[in-house]
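See structure below.
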Protein chains: 2
Amino acid sequence: MSRLDRSLISGLAPFQGLSAVDLDRMVGQARSLRIAKGEAVFEQEGEAHSFFLLLDGHVRVVKTTPDGQQVIVRYISPGELMGIAHALGRTTYPASAIAAVDCVVLAWPGRLWPEFAAAFPDFGVNTYRTVGSRLQDAHTRVVEMSTEQVDRRVAHALLKLVSQTGRRTDEGVLIDFPISRQDIAEMTGTTLHTVSRLLTAWEEQGLVKSGRQKVTVTEPHQLLMLAEGRTSKT
Amino acid sequence: MSRLDRSLISGLAPFQGLSAVDLDRMVGQARSLRIAKGEAVFEQEGEAHSFFLLLDGHVRVVKTTPDGQQVIVRYISPGELMGIAHALGRTTYPASAIAAVDCVVLAWPGRLWPEFAAAFPDFGVNTYRTVGSRLQDAHTRVVEMSTEQVDRRVAHALLKLVSQTGRRTDEGVLIDFPISRQDIAEMTGTTLHTVSRLLTAWEEQGLVKSGRQKVTVTEPHQLLMLAEGRTSKT
DNA sequence: CAATCTGTTTGCGTTGCAGCAAAGTCATTG
DNA sequence: CAATGACTTTGCTGCAACGCAAACAGATTG
């Protein structure tokens, strides 16, 4: 870890409130890893040996059912922690984390968690804050799956991706990593066919532009209308 | 709080590992409340003033959407914590907690959380362990909603309720609090109509016996088959 | 630059389940 | 103990979305 890296890291959410010295002590104990696109940072059911900070890239967190169906739990963006099973008293990872593009991560041995939490209280608080919001997200998603229909769920998913990882282009806001119809389907509990149909429909209405593994939202506001619209139907 | 109560409490999961003295210090700072059936322990969006331990009864945790649809997030059984927003850095409750029957709860002011976590590390660890399993549950439920169809989801929900709160009777295992078709529907993302149809079908097959606000599972094993069955159909 | 592979589109038939409506049953209450 | 209200059952209809199949791009590779 170069000193340069550390200065970049100091601004990240998990480390808010930590002194430079403490940050140094933490980062000094991490290994930095490169994970090639498609490779796993950690795997479902695997023993939770480490916890991670994503420095660069995008990671897909995926749960696979016994019969092989996959569900995308969330996408991790740079600056976020992942694999924090240790903080929650678990000994195995509940899902797999797959690099959506080439990634750089910091990895700490899981056994350091208790030390860190004790020595750097702010780090603990920050971590549990993100756990809290992920728990919220999960519940929100359950509610959404129970009450909303497919088109709205897909619209929501796109908007969330856009706000999380969107990059402005002259055509609109582009989701900044390769994402297939199948991926979107696995985020929203539908099939790639349905996603494809929705995207072509929305493209005709000028709300999005999409191509192979790529989606650009051109009219976020209109898409939001569609996602939340109080309108019954039309 | 009588000394008797404290001895009952000492065995509960959130307090594993605490000394009698520490337990006393914690419980000494709690108020004990009775909540009548149908009343709220805390309410969605409300300021998170306290966190709670359910001593007796059953509590339904419910999320309501802007347009008034309800989803049951989980049921809380005696001995479980609830309303632990503070532990996750939140200032409002993300859901409402409604007494399914008359309940007794202990309530601590939320501001005590940081003190407790610092003074009684085991309590913190226990709490975050339950947060971990609730996060798991939530994700499992997302996966289930995405991949399983209604009958299996309902079967799963019943089995979970049975294992959580089941009481043996001569007819089978009874879910130990009043639960309507509507409730089951709100747990599984379907309608009371569909739940009703499923229950009558299962009753004809001898898997369950059910009546007004009451369900008894007579053949848990068979119901599990139905919930998990690798069989394609029939 | 063919050949192959991976991802996408689209048409068509099927269906699980919601939505509506109405009747039936049990519990509560004045 | 009639009457009101809460919960449940059941029939019928419609449609959103799945599943299958086949064709259609863009990439990638030898």
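Each chain gets a letter, A, B and so on, in the order the sequences are listed, and its residues count up from 1.
Taking the six-membered ring where tryptophan is involved, the planes of Phe177(A) and His58(A) are tilted, since the angle between them lies from 30° to 60°. Below 30°, between 30° and 60°, or above 60°: for Phe42(B) and Phe52(B) the angle between ring planes is below 30°, a parallel geometry.
Shortest non-hydrogen contact noted between Ile72(B) and Asp183(B) is CD1-O, 3.5 Å.
Using a distance-only test at 3.5 Å, with no hydrogens or angles considered, a donor-acceptor pair links the side chain of Thr218(B) to the main chain of Leu207(B). Side-chain atoms of Lys63(A) come within 3.5 Å of backbone N or O of Pro94(A) as a donor-acceptor pair. Within the 3.5 Å criterion, the main-chain N or O of Arg197(B) finds no donor-acceptor partner in the side chain of Arg181(B). When atom types are taken as modelled, the side chain of Tyr128(A) and the backbone of His86(B) share no donor-acceptor pair closer than 3.5 angstrom. Looking only at distances, a side-chain donor or acceptor of Glu80(B) sits under 3.5 Å from a matching main-chain atom of Ser77(B). A donor-acceptor pair under 3.5 Å is absent between the side-chain atoms of Thr165(A) and the main chain of Ile175(A), judged by distance alone.
Rounding to whole angstrom units, CD of residue Gln213(A) and P of dT9(C) are separated by 12 Å. Here dA17(D) presents its P atom at 8 Å from CZ of Arg153(A), a figure rounded to the nearest Å. Remark: P of dA17(D) and CG of Leu192(A) are 15 Å apart, rounded to the nearest angstrom. Residue Glu148(A) contributes atom CD, which lies 16 Å from atom P of dA16(D) at whole-angstrom precision. At whole-Å resolution of the value, NZ in Lys209(A) and P in dT8(C) are 16 Å apart. Note: CE (Met145(B)) to P (dA17(D)) measures 13 Å, nearest angstrom.
By the neighbour-count criterion of 12 heavy atoms within 6.0 Å, atom CD of Gln44(B) is densely surrounded, having more than that number from other residues, nucleotides or ligands.
Using a 4.0 Å heavy-atom distance criterion, Thr191(A) is classed as a sugar-phosphate-only contact.
Counting distance only, with no hydrogens placed and no angle test, the side-chain atoms of Arg197(A) and the base atoms of dG11(C) include a donor-acceptor pair under 3.5 Å.
Applying salt bridge (Lys or Arg N to Asp or Glu O under 4.0 Å) to Lys209(A) and the options Glu203(A), Glu171(A), Glu219(A) leaves one that passes, Glu171(A).
Of the side-chain N and O atoms in Ser196(B), none sit less than 4.0 angstrom from OP1 or OP2 of dT8(D).
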### Query
Tell me, for nucleotides 22-30 of chain C in 5' to 3' order, what letter each nucleotide earns: B for a base near a protein heavy atom under 4.0 Å, S for only sugar-phosphate near one, - for neither?
---BBS---
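Using a 4.0 Å cut-off on heavy atoms, the residues of residues 179-189 of chain A that approach DNA chain C are Ser180(A), Arg181(A), listed by number. Residues from residues 198-208 of chain B that place a heavy atom under 4.0 Å from any atom of DNA chain D, listed by number: Thr200(B).
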